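As the structure is a computational prediction, the values presented were derived from the model and not from experiment.
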Amino acid sequence: MTARSPLRRLRRSELPVDTVELARFLIGIVLVHDGAGGRVSGRIVETEAYPLGDPASHAYRGRTRRNGAMFLERGLAYVYLIYGTSVCMNVTSEEFGTGAGILVRALEPLDGIAAMERRRGTDSLRDLTRGPGRLTQALGIQLSDDGADLCKPGPLWLARRAGPDSDVGASVRIGLTRAADAVLRFYERSNPFVSGVRRLSP
DNA sequence: CAACGGATCAGCT
DNA sequence: GCTGATCCGTTGG
């Protein structure tokens, strides 16, 4: 057990409404999952904004069964399956009824590293949470967590953690065909848990 | 109802 | 670097 800075649950009112502001704000925030196997957590070190009117956003074509959480209030989890193999998690943003979110792309592991290694089937620390599909697997986030409120008492939540401010860089997003040149990816500079290292500049 | 494609990863070259 | 795995939501007939 390593000594940790105390965690304080974030209130919804502390979250910026604006998607791009929230994506930047989330760098350095801790994502926590309290489960049967104990606490698993990590500092968010990489995000991508999918703001209103973004043709790359799952919400762009309006509300569907899958993306429904994006159209509710901000600070919820929007969880979906991609490529039939990987689960990704967004934090919803903007006002009720509008449809936007932020993809969490990478974490720096904090608590529960043994549980992460077990779930991921590897003891390679750097590979535990580097990438959107890897971090959900490491934290045990599943499709059933879609719609979970990250700002209310519950197993999945966001927390502030004392520490120095992050040095945040920005770049284009990863793996997109539409809106591929928009600079909407945010990451902590010099952090080894950031994915897509070849794309650290716009 | 069938077809398609994706905000990915692992494993191999 | 490249490719296959494998599933769900969406779209088009």
Side-chain angles (χ1 to χ4, degrees), chain A residues 18-27 29 31 42 44-72 74 76-94 98-109 116-148 150 168-188 192-202:
Chain A
D18 180 83
T19 301
V20 178
E21 281 182 42
L22 180 54
R24 164 72 183 73
F25 173 90
L26 287 176
I27 301 296
I29 296 296
L31 179 61
I44 297 172
V45 297
E46 183 183 351
T47 61
E48 280 179 358
Y50 290 86
L52 298 176
D54 174 14
S57 169
H58 288 180
Y60 185 62
R61 294 168 198 275
R63 185 173 182 166
T64 65
R65 182 189 235 86
R66 175 172 70 152
N67 67 17
M70 297 181 91
F71 291 81
L72 302 178
R74 71 188 186 278
L76 309 183
Y78 162 47
V79 183
Y80 67 94
L81 185 69
I82 190 160
Y83 301 124
T85 54
S86 303
V87 171
C88 293
M89 194 198 96
N90 287 242
V91 177
T92 63
S93 59
E94 302 291 342
T98 55
I102 295 123
L103 174 67
V104 181
R105 285 198 55 93
L107 305 176
E108 175 179 335
M116 295 191 207
E117 291 173 340
R118 201 176 326 119
R119 290 184 176 125
R120 292 273 304 120
T122 176
D123 61 359
S124 168
L125 179 66
R126 186 160 180 260
D127 289 339
L128 291 182
T129 53
R130 193 176 93 255
R134 290 168 174 166
L135 74 89
T136 55
Q137 187 180 27
L139 265 65
I141 294 169
Q142 305 175 70
L143 293 176
S144 56
D145 293 307
D146 184 43
L150 304 172
V168 178
S171 79
V172 296
R173 297 173 292 183
I174 292 180
L176 298 184
T177 53
R178 292 174 296 196
D181 55 349
V183 178
L184 291 171
R185 172 176 175 235
F186 301 93
Y187 60 93
E188 184 169 79
F193 297 95
V194 170
S195 77
V197 173
R198 282 169 307 188
R199 301 216 198 180
L200 293 186
S201 63

The dot-bracket string of DNA chain C, counting Watson-Crick and G-U wobble pairs with both distances under 3.5 Å, using [ ] for crossing pairs and | for pairs to another strand, is |||||.||||||.
Glu48(A) CD to dA7(B) P, in whole Å, measures 10 Å
Separation of dC7(C) atom C1' from Leu143(A) atom CG, nearest Å, is 10 Å
Output for pair (Arg185(A) CZ, Leu176(A) CG), nearest 0.5 Å, gives 11.0 Å
Leu76(A) and Leu150(A), any side-chain heavy atoms less than 4.5 Å apart
no
In whole angstroms, the gap separating P of dC9(B) from CZ of Arg126(A) amounts to 13 Å
Rounded to whole Å, the CZ-P distance (Arg173(A) to dG6(B)) equals 14 Å
Do Val104(A) and Pro132(A) have side-chain heavy atoms sitting under 4.5 Å apart? no
#### Entry: Between Tyr80(A) and His58(A), ring centroids under 6.0 Å
yes
The nucleotide from dA7(B), dC7(C), dC9(B) with an atom nearest the side chain of Leu81(A) is dC7(C)
If you go through the side-chain atoms of Tyr83(A), does one of them form a donor-acceptor pair with the base of dA5(C) closer than 3.5 Å?
no
Arg63(A) atom CZ is separated from dG9(C) atom P, nearest whole Å, by 15 Å
From OH of Tyr50(A) across to P of dA7(B) the rounded distance in Å is 7 Å
- Query: With respect to the phosphate group of dC9(B), does any side-chain polar atom (N or O) of Arg120(A) fall under 4.0 Å of OP1 or OP2?
  - Reply: no
Against the side chain of Thr85(A), the closest entry in dC9(B), dT6(C), dA7(B) is dT6(C)
- Query: Below 4.5 Å, heavy atoms only, C-beta onward: do Phe193(A) and Pro109(A) meet side chain to side chain?
  - Reply: yes
Ile174(A) side chain near Ser195(A) side chain, heavy-atom distance below 4.5 Å:
yes
Ignoring backbone atoms, test whether Arg178(A) places a side-chain nitrogen or oxygen under 4.0 Å from the OP1 or OP2 oxygen of dG6(B). no
Whole-Å distance, Arg134(A) CZ to dG11(B) C1', equals 12 Å
Atom CG of Asn67(A) and atom P of dG6(B) are separated, to the nearest Å, by 17 Å
Using a 4.0 Å heavy-atom cut-off, does Arg66(A) contact any base of the nucleic acid, only the sugar-phosphate backbone, or nothing at all? sugar-phosphate
message: Given 3.5 Å as the limit, does a donor-acceptor pair link the side chain of Thr19(A) with the main chain of Pro51(A), or not?
response: no
